[in-house]
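Keep in mind the model is a prediction, meaning the values are calculated, not measured. Both counts, for ligands and for their atoms, begin at 1 and track the order of listing. Along the sequence shown, the residues carry numbers beginning at 1.
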Amino acid sequence: MIRSVVRGFGTALPKRVLTNAELESMVDTSDEWIVQRTGIRQRYIAGEGETTASLGEAAARAALDKGGLTPADIDLIIVATSTPDNTFPATAVNIQNRLGMHHGFAFDVQAVCSGFVYAVATADAYIRGGLAKRVLVIGAETFSRILDWTDRTTCVLFGDGAGAIVLEGQEGSGTTADRGVLTAQLRSDGAHREKLYVDGGPSTTGTVGHLRMEGREVFKHAVGMITDVIVSAFDATGFSADDIDWLVPHQANKRIIDGSARKLGIPLEKVVVTVDQHGNTSAASIPLALAAAAADGRIKEGDLVLLEAMGGGFTWGAVLLRW
Ligand SMILES: CC(C)(COP(=O)(O)OP(=O)(O)OC[C@H]1O[C@@H](n2cnc3c(N)ncnc32)[C@H](O)[C@@H]1OP(=O)(O)O)[C@@H](O)C(=O)NCCC(=O)NCCS
């Protein structure tokens, strides 16, 4: 059985750091409120010349280097983003060109904060279906460009960045002892659209629009949806919370992360947290956190790693993989 195994990982962050203290001079907020309600201490904000594609390209190059690979070794690029450089062509195609890659194929997936989980699930299906051998899976965002910087209820929460992994098809035994993606569980329910959306778009207003969110409503649904889809991942593999070496959650809010881990019975020492440093970088948050924990030696070969996310749509999902 073919398994999609992580071969490399990499990240890229904008140069500029925006601290909570700086936000205090922009909107009526405080470092204390932001830290207490979200766990966020700072975020990175893209400057001139920094875009979703440029950050995604840098993360992709780092992931290729880490895996000892070049663009010639890749046959598919999937970019998870809700903040593309252009409405079209896809940011994935833009990054393909930036990498000097003119073979294979590339496309974007749009599942907001669940985008990276959706992209990994998609890459895994292409690999196991024999349609691709090595896939660059990138989560890249510049949410700073769709924020309403006068709305304190949203602008303090998000940041920019990119993370990437290379998934490679390798022969496995078909058991859950294999390295690679062991299960991917995806869900969506469009009935929740109004709770987290962008109030513009090419086919409605002809503008890009701004992010709008009923934060309390999102919070109310988040823990239940996340734990539900993780239980599905456990059911599909026979694992339980006790078997997990690392939980790498979408980094939206420390309270949602802690609440989900507690409900599942996963000790907080096994949870990778970067939301304090990055804020919510939407589709980029999981690969940024994953790379941080892999780079500093916390995640080791053979570890059972659980990824989960929930976001606009609503969309939600989980991936269980062996590193
Ligand atoms: C947004 C969020 C942090 C707000 O925390 P909360 O505890 O629910 O706070 P509330 O929305 O109830 O607001 C409490 C008060 O703080 C105020 N407030 C909101 N933003 C503030 C800010 N940045 N600074 C200071 N005060 C703020 C509100 O106006 C409200 O004041 P009021 O009681 O006088 O009306 C929280 O709801 C959340 O994290 N939701 C999930 C959001 C999310 O993760 N979305 C992305 C999913 S991918």
Subset of ligand 1 atoms that lie under 4.0 Å from at least one heavy atom of A252: 44 (O)
Short N or O distance, G215 and ligand 1, threshold 3.5 Å exclusive: yes
Close side-chain approach of V271 and W246, heavy atoms under 4.5 Å: no
Closest to atom 27 (C) of ligand 1 among W33, F158, W316 (heavy-atom distance): W33
Identity and distance of the protein heavy atom lying nearest atom 30 (C) of ligand 1: R152 NH2, 4.7 Å
F314 and H192 aromatic ring geometry - parallel, tilted or perpendicular at 30°/60° bounds: parallel
Heavy-atom protein contact below 4.0 Å for atom 25 (C) of ligand 1: yes
D160 and S144 side chains, donor-acceptor separation under 3.5 Å: yes
From OG (S114) to CD1 (I226), nearest 0.5 Å: 8.5 Å
Identity and distance of the protein heavy atom lying nearest atom 45 (N) of ligand 1: M213 SD, 3.2 Å
Contacting atoms of ligand 1, where contact means under 4.0 angstrom from a heavy atom of T153: 19 (C), 20 (N)
Nearest neighbour in protein (non-hydrogen) for atom 8 (O) of ligand 1: R216 CG, 3.8 Å
Nearest-neighbour protein heavy atom for atom 36 (C) of ligand 1, which is reported as residue plus atom name and distance: F219 CD1, 4.0 Å
Within-cutoff protein neighbour (heavy atom, under 4.0 Å) for atom 12 (O) of ligand 1: yes
Contact atoms of ligand 1, heavy-atom distance to C113 under 4.0 Å: 48 (S)
Atom 47 (C) of ligand 1: any protein heavy atom closer than 4.0 Å: yes
Enclosure of F88 CZ (heavy-atom neighbours >12, cutoff 6.0 Å): no
V218 neighbourhood, listing ligand 1 atoms whose heavy-atom distance to it stays under 4.0 Å: 45 (N), 47 (C)
Any D28 heavy atom less than 4.0 Å to ligand 1: yes
Proximal ligand 1 atoms for V156, defined as those under 4.0 Å from one of its heavy atoms: 23 (N)
Distance, nearest 0.5 Å, that separates CD of E141 from CZ of F158: 10.0 Å
R134/E168 ion pair, N-O < 4.0 Å: yes
Derivation and outcome, side-chain hydrogen bond (donor to acceptor under 3.5 Å, both in side chains), residues T91 and D85: CA-CA 6 Å; T91 300; D85 281 34; 4.6 Å; no
Donor-acceptor pair between Q42 and T19 side chains, under 3.5 angstrom: no
Polar proximity ligand 1 side, T38 side, N/O cut 3.5 Å exclusive: no
Sub-4.0 Å atoms of ligand 1 with respect to non-hydrogen atoms of N280: 46 (C), 48 (S)
Distance from atom 39 (O) of ligand 1 to nearest protein heavy atom, with residue and atom: N253 ND2, 2.5 Å
Close side-chain approach of L157 and T38, heavy atoms under 4.5 Å: yes
Heavy-atom neighbours of E32 CD exceed 12 at 6.0 Å: no
Under-4.0 Å heavy-atom contact with ligand 1, by part of T29 that carries it: both
Euclidean distance, R41 CZ relative to I34 CD1, rounded to 0.5 Å: 11.0 Å
Flag, side chain of N20 to backbone of I40, donor-acceptor distance under 3.5 Å: yes
Residue, atom name and distance, where the atom is the protein heavy atom closest to atom 5 (O) of ligand 1: R255 NH1, 3.9 Å
Protein non-hydrogen atom found under 4.0 Å from atom 33 (O) of ligand 1: no
For M310, the ligand 1 atoms whose distance to one of its heavy atoms is below 4.0 Å: 48 (S)
Quiz item: cation-pi between R216 and F219, 6.0 Å / 45°: no
Atoms of ligand 1 close to R37 [distance to a heavy atom under 4.0 angstrom, numbered from 1]: 6 (P), 7 (O), 9 (O), 14 (C)
